[in-house]
Engineer: 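Below you will find the structure I want to go over with you.
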Amino acid sequence: MSTVGDEARPALSPGAAALRNHERDYEALAERLARRGQRAETVVDAVGRFAVAVPSWALGTGGTRFGRFPGPGEPRTLAEKLADVAVVHRLTGAAPRVSLHIPWDEPDDVPALRALAAELGLGFDAVNSNTFQDQPGQPLSYKLGSFSHPDAAVRRQAVEHHRHVIAVGQALGADAITVWLADGSNYPGQMSLRQSFERVLDCLRDVYAALPAGWRLFTEHKPYEPAFYATVVQDWGSSLLLAQTLGERAQCLVDLGHHLPNTNIELVVARLLGAAKLGGFHFNDSKYGDDDLTAGSIKPYGLFLIFHELVLAERERLAGFRPAYMIDQSHNIKDPIEDLLQTVDQLQLAYAKAQLVDHAALAAYQESGDVLLAERTLKDAFETDARPLVAEARRRAGAALDPVLAFRASGYRARVAAQRSGGGYVPPQSL
Ligand code: LRH
Ligand code: MN
């Protein structure tokens with residue numbers, strides 16, 4: 001029985017107390033937004049429609065060349081990875097798809113995997129090829145590249161791999177392939193800077209020609225790593241050149257970590273939107289390089305400004321606007337599921353804040369040249385604590401007000417840790 005001031009009311013259960021607090025926070029924010037002429041409901045509905053795909057390669061602990069610190073209950077099979085993704089979807093209501101990396105997560109029984117995914121309420125987003133590693137028994141090495149390799153036989157082998165990845169994706173019901181190429185050089189003179197690009201384009205034409213109806217091909221640029229002098233598809237310009245040359249169903253994928261420090265990524269997004277060539281995202285955050293940190297953890301304002309460009313495109317019903325939202329992170333020190341829950345929450349929050357921009361006022365200040373009030377209009381939205389709107393959208397989706405706390409309270413990690421250490425098959429665990 002609580003003591004000070006409300007001894008009449010029995011203490012609410014933690015869940016009930018959290019819900020009561022949420023309702024009060026939501027009502028207070030809705031009232032405040034109404035005074036600004038904005039409807040909380042509109043934002044809650046929009047957040048309710050937001051969804052992002054989880055990468056199959058981020059359910060286990062990631063690492064660097066210096067080390068990896070595996071945690072308890074790591075998924076050992078694709079089925080266990082799907083079970084973990086289902087937990088992320090269950091608690092956020094916004095992670096209904098998995099993006100597979102082939103051959104890292106090559107399914108050995110496609111019908112069984114499709115059935116399991118359906119049972120878990122999951123689908124498959126873009127599949128990812130891999131010509132940045134040599135697989136056991138692979139006839140020709142990708143050490144000096146794949147699509148840009150001087151040896152035509154290596155290029156053919158790489159194209160064959162992409163045809164295989166498309167076939168796997170098609171069997172799973174996916175409708176896009178993401179092509180990130182590690183191709184590049186470490187020393188000036190090692191590679192012809194123009195010929196390598198021509199060869200990549202040539203091979204991509206073969207992959208593009210193999211796309212099933214309704215499929216898209218996403219080209220993913222990256223400035224460096226593993227190549228440390230020149231990367232063939234180094235920046236958004238190179239990616240756009242490829243996508244524009246290949247055709248309508250080729251678009252550019254923006255991995256937030258694939259930009260040199262201080263790059264204005266929202267400007268890159270605006271350019272690709274303007275060219276109807278924004279295919280999708282690999283969301284993450286970074287301070288220095290391709291750090292693959294939790295989205296919104298280092299540059300939350302930058303993430304908001306990217307979502308601002310996306311909401312503008314949505315509102316304008318921009319031609320070709322159908323972005324594939326996907327996460328691409330490496331969970332080196334946080335529990336992978338908790339990191340994904342935090343990530344989805346950060347993306348929902350950035351999207352909600354972008355919905356809160358007073359677009360009419362912004363356009364008027366931009367047209368009238370009122371720089372300060374134009375900037376402040378964006379900041380007002382960013383500095384609005386939109387968390388009650390996101391929590392409400394999750395509550396209405398039957399998900400958790402606070403996914404990380406709900407996950408911890410569920411004891412899921414301890415349970416799977418116990419079961420997965422045994423080595424036997426563990427059926428998908430409900431929360
Ligand atoms: C390359 C990349 C690419 C994936 C890989 C796991 O850095 O972002 O999207 O294939 O990470
Ligand atoms: Mn990526």
Engineer: I'd like to know if the side chain of His359 and the backbone of Val357 have a donor-acceptor N/O pair within less than 3.5 Å.
Structural biologist: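 Checked: pair present.
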Engineer: Would you please indicate if the ring centroids of Phe283 and Phe307 are separated by under 6.0 Å?
Structural biologist: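 They qualify: ring centres under 6.0 Å apart.
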Engineer: Tell me, yes or no, whether the heavy-atom count around Gln138 atom CD, taken from other residues, nucleotides or ligands under 6.0 Å, exceeds 12.
Structural biologist: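 Yes, CD of Gln138 has more than 12 neighbouring heavy atoms, counting only those of other groups under 6.0 Å.
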Engineer: Do Glu338 and Lys334 meet the salt-bridge criterion of a basic N to acidic O distance under 4.0 Å?
Structural biologist: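 No salt bridge links Lys334 with Glu338.
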Engineer: Relative to Phe124, does Arg97 satisfy both conditions: NZ or CZ under 6.0 angstrom from the six-membered ring centre, and within 45 degrees of the ring's axis?
Structural biologist: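 Ring-cation test returns no.
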Engineer: Are Glu248 and Lys277 within salt-bridge range, i.e. N to O under 4.0 Å?
Structural biologist: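 No, this pair does not count.
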Engineer: Would you call the rings of His101 and Phe132 parallel, tilted or perpendicular if under 30° counts as parallel and over 60° as perpendicular?
Structural biologist: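 Perpendicular.
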Engineer: With a 6.0 Å cut-off on the ring centroids, do Phe304 and Tyr301 count as close?
Structural biologist: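 Ring centres of Tyr301 and Phe304 closer than 6.0 Å.
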Engineer: Verify the ring-centre separation between Phe382 and His308: is it less than 6.0 angstrom?
Structural biologist: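 Ring-ring flag for His308/Phe382: false, centres at least 6.0 Å apart.
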Engineer: Taking the six-membered ring for Trp, is the centroid-to-centroid distance between His221 and His259 below 6.0 Å?
Structural biologist: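 Judged by ring-centre distance (under 6.0 Å), His221 and His259 do meet the cut-off.
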Engineer: Is the backbone N or O of Arg199 less than 3.5 Å from a side-chain atom of Ser148, with the two atoms forming a donor-acceptor pair by type?
Structural biologist: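 Answer holds: no.
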Engineer: For His89, enumerate each residue passing the ring pair (Phe, Tyr, Trp, His ring centres under 6.0 Å) test, keeping only those at least two apart in sequence or located in another chain.
Structural biologist: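 Residues passing ring pair (Phe, Tyr, Trp, His ring centres under 6.0 Å) with His89: none at all.
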Engineer: Looking at Gly62, is its backbone amide N or carbonyl O close enough to the side chain of Arg68 to form a donor-acceptor pair, meaning the two atoms are under 3.5 Å apart?
Structural biologist: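 Absent.
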Engineer: Would Phe50 and Tyr325 count as a close aromatic pair, with their ring centres under 6.0 Å?
Structural biologist: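 Ring-ring flag for Phe50/Tyr325: true, centres closer than 6.0 Å.
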